[in-house]
Novice: 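The structure that follows is given in the form of structure tokens.
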2 protein chains.
Amino acid sequence: MKNVEFPDPTIERLCCYRRILSALLAAGHARVYSHELAAAQRVTPAQVRRDVMLIGYSGSPVKGYDIAGLLDRIGEILDPPGGVGVVLVGVGYLGRALLAYFAGRKSPIPVVAAFDVAPETSGQLIHGCHCYHIDELSSFLSRRSILVGIVAVPAEAAQKTARELIDGGVRALLNFAPVQLDVPQNVYVENVDIAVSLEKTAFFAQSMSLEKED
Amino acid sequence: MKNVEFPDPTIERLCCYRRILSALLAAGHARVYSHELAAAQRVTPAQVRRDVMLIGYSGSPVKGYDIAGLLDRIGEILDPPGGVGVVLVGVGYLGRALLAYFAGRKSPIPVVAAFDVAPETSGQLIHGCHCYHIDELSSFLSRRSILVGIVAVPAEAAQKTARELIDGGVRALLNFAPVQLDVPQNVYVENVDIAVSLEKTAFFAQSMSLEKED
DNA sequence: ACTATACTGTGATTGTCTTCACAGCGTGAA
DNA sequence: TTCACGCTGTGAAGACAATCACAGTATAGT
Ligand SMILES: NC(=O)c1ccc[n+]([C@@H]2O[C@H](COP(=O)([O-])OP(=O)(O)OC[C@H]3O[C@@H](n4cnc5c(N)ncnc54)[C@H](O)[C@@H]3O)[C@@H](O)[C@H]2O)c1
Ligand SMILES: NC(=O)c1ccc[n+]([C@@H]2O[C@H](COP(=O)([O-])OP(=O)(O)OC[C@H]3O[C@@H](n4cnc5c(N)ncnc54)[C@H](O)[C@@H]3O)[C@@H](O)[C@H]2O)c1
């Protein structure tokens, strides 16, 4: 109920902490210090402690944080009770890569169905995910409780796709199309703009090469 | 030489402005107001004006900004003189999607070559991009001036790949692997972590649905 | 030529996130 | 039992980015 008050950057870091903590736990460790967790990311120990404080967990001044306990607490914050359903729209190159990724490993957030206009994808099972024609989207959404939609269609179709997902009850979108989606205020949009990321990288490549060597 | 002093968020927005300005120009417009440019992104008009101010461009108080002129100025900032070379390492699902994307449309930043361990990809032309065996990477880099590397290999191979790229002279990496790369200070790393993005989206889907309707 | 208008340019302000710095404390050693 | 150590928890300070608010100004209309 008070989830809304976690700052966006903290949520992002919590996801990363979880990944590292899981790896540590799997490697047989039981406890971590803030500076160890900080070193694995590119953050300061103080930042880690503040994040942990924010989610209401605490460690021992001498032994650090209990990995399993912290992991549970992060899960309580991040994981919705009952899980979120996720659907993918657009089974092109990117959509297939996403299906391979989220179906391949036992993902905490599995994609339950995919949709596309192309008739030949309908009825297929791609990387373990059932694909349907886009016309079946709204009836699918009305039958299942789906909170997240992934938009991996061409830019021209993105707004229309967003509309359909939101009308079907989706509350958040992960958008890969290079357009700003127009959505109601109660819908969250996370944009992943790979072209912008590459341009930014290219820019900094240039400025790094102008700087003094270290 | 003074490029290094542009804040990261501004660079990101400049990429977005450019995309919109290009579209406007193509649509036959000659000038824009800050509020129009702002509406296309999700930023305030003041933000747009400040960004424009920062890059040393100015518009007319009545007619707004000249689209072509602003576009040129942004290009001067973002585009390296002579262009940056970009190589891709890891021609799996994601790597192929990237090649399709950056080869398909006439991208401002084309990928000049791709590398993979799998012998069957060597010598292939995928979406217009030549693919080579990873063993050829260092000799390729020594022959061409390449400033940017895209890391699309499995997490386990990411650090090794980063090392090879940096040793070959690359100054910035676009990293899709879910690991924090350890690089020298004069190398820039842009992480695109799709799994984290999805988890974040799922989290906000949950908190949005708890909020009051609008 | 003059005026009304609506936009730009920017100093000042606000807000947000990060970092500092240290008090408090649990633990292990003597 | 006592002490010293090194980590956590956190108020305060700092850094940075976004926004406000308004003075300055170029244009179109009269
Ligand atoms: N491939 C990449 O690496 C990459 C990188 C950055 C951004 N993107 C963006 O991601 C999106 C998808 O990219 P892609 O490379 O997979 O493109 P793609 O052309 O390979 O795939 C698009 C898919 O969407 C389907 N589609 C089209 N209109 C539809 C509609 N109205 N409803 C449902 N499905 C529809 C098509 O049939 C196709 O299968 C694009 O917006 C692209 O700009 C892709
Ligand atoms: N596919 C996605 O949607 C997605 C999403 C998020 C993150 N990622 C990350 O992106 C990376 C690639 O994902 P993918 O789905 O394309 O995986 P993939 O297994 O399909 O492709 C990996 C490719 O890398 C090649 N490779 C392995 N070791 C190599 C090495 N040492 N040098 C050069 N090439 C090597 C393999 O031959 C393979 O072609 C992974 O780190 C993955 O975690 C992928």
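Labels below follow one simple rule: chain letters A, B, ... track the order of the sequence lines, proteins then strands, and each chain is numbered from 1.
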Novice: If only atom types and distance count, is the side chain of A/Tyr17 paired as donor or acceptor with the main-chain N or O of A/Ala38 below 3.5 Å?
Specialist: no
Novice: Is the shortest heavy-atom distance from the side chain of A/Ile134 to the side chain of A/Glu164 under 4.5 Å?
Specialist: yes
Novice: Return yes if some donor-acceptor pair links the side-chain N/O of A/Gln47 with the main-chain N/O of A/Thr44 below 3.5 Å, else return no.
Specialist: no
Novice: Report the distance from atom CZ of B/Phe6 to atom C1' of D/dA17, rounded to the nearest whole Å.
Specialist: 16 Å
Novice: For the NE2 atom on A/His35, are there more than 12 heavy atoms of other groups (residues, nucleotides or ligands in this structure) within a distance under 6.0 Å?
Specialist: yes
Novice: Looking at side-chain heavy atoms only, is the closest gap between B/Leu94 and A/Tyr101 below 4.5 Å?
Specialist: no
Novice: Give me the one residue out of A/Val192, A/Val196, A/Leu198 that meets side chain to side chain contact (heavy atoms under 4.5 Å, CB included) with A/Ile194.
Specialist: A/Val192
Novice: Can you tabulate the close N/O pairs, meaning under 3.5 Å, that link protein atoms to atoms of nucleotides 5-9 of chain D?
Specialist:
{"residue": "D/dC7", "atom": "O4'", "partner": "A/Pro61", "partner atom": "O", "Å": "3.0"}
{"residue": "D/dC7", "atom": "O2", "partner": "A/Pro61", "partner atom": "O", "Å": "3.1"}
{"residue": "D/dT8", "atom": "OP1", "partner": "A/Ser34", "partner atom": "N", "Å": "2.9"}
{"residue": "D/dT8", "atom": "OP2", "partner": "A/Ser34", "partner atom": "OG", "Å": "2.7"}
{"residue": "D/dG9", "atom": "OP1", "partner": "A/Gly59", "partner atom": "N", "Å": "2.7"}
{"residue": "D/dG9", "atom": "OP2", "partner": "A/Tyr65", "partner atom": "OH", "Å": "2.9"}
{"residue": "D/dG9", "atom": "N7", "partner": "A/Arg49", "partner atom": "NE", "Å": "3.0"}
{"residue": "D/dG9", "atom": "O6", "partner": "A/Arg49", "partner atom": "NH2", "Å": "3.0"}

Novice: Atom pairs under 3.5 Å, N or O on each side, protein against nucleotides 14-18 of chain C: can you list them with distances?
Specialist:
{"residue": "C/dT18", "atom": "OP1", "partner": "A/Arg13", "partner atom": "NH1", "Å": "2.9"}
{"residue": "C/dT18", "atom": "OP2", "partner": "A/Arg13", "partner atom": "NH1", "Å": "3.3"}
{"residue": "C/dT18", "atom": "OP2", "partner": "A/Arg13", "partner atom": "NH2", "Å": "3.0"}
{"residue": "C/dT18", "atom": "O5'", "partner": "A/Gln47", "partner atom": "OE1", "Å": "3.1"}

Novice: Kindly say whether A/Asp182 contributes a backbone atom to a donor-acceptor pair with the side chain of A/Gln159 at under 3.5 angstrom?
Specialist: yes
Novice: Under 3.5 Å, which N/O atoms of the protein pair with N/O atoms of nucleotides 1-3 of chain D?
Specialist:
none

Novice: Output yes when a side-chain donor or acceptor of B/Arg42 lies under 3.5 Å from a complementary backbone atom of A/Leu181, and no otherwise.
Specialist: yes
Novice: Within the side chain of A/Arg73, is there an N or O that forms a donor-acceptor pair under 3.5 Å with the backbone of A/Ile55?
Specialist: yes
Novice: Quick one: B/Gln41 CD to D/dA18 C1', roughly how many Å, whole number?
Specialist: 15 Å
Novice: Which residue, B/Asp116, B/Val151, B/Leu165, B/Val117, forms the side chain to side chain contact (heavy atoms under 4.5 Å, CB included) with B/Val89?
Specialist: B/Leu165
Novice: Rounded to whole angstrom units, what separation is found between the CD atom of B/Glu5 and the C1' atom of D/dA15?
Specialist: 17 Å
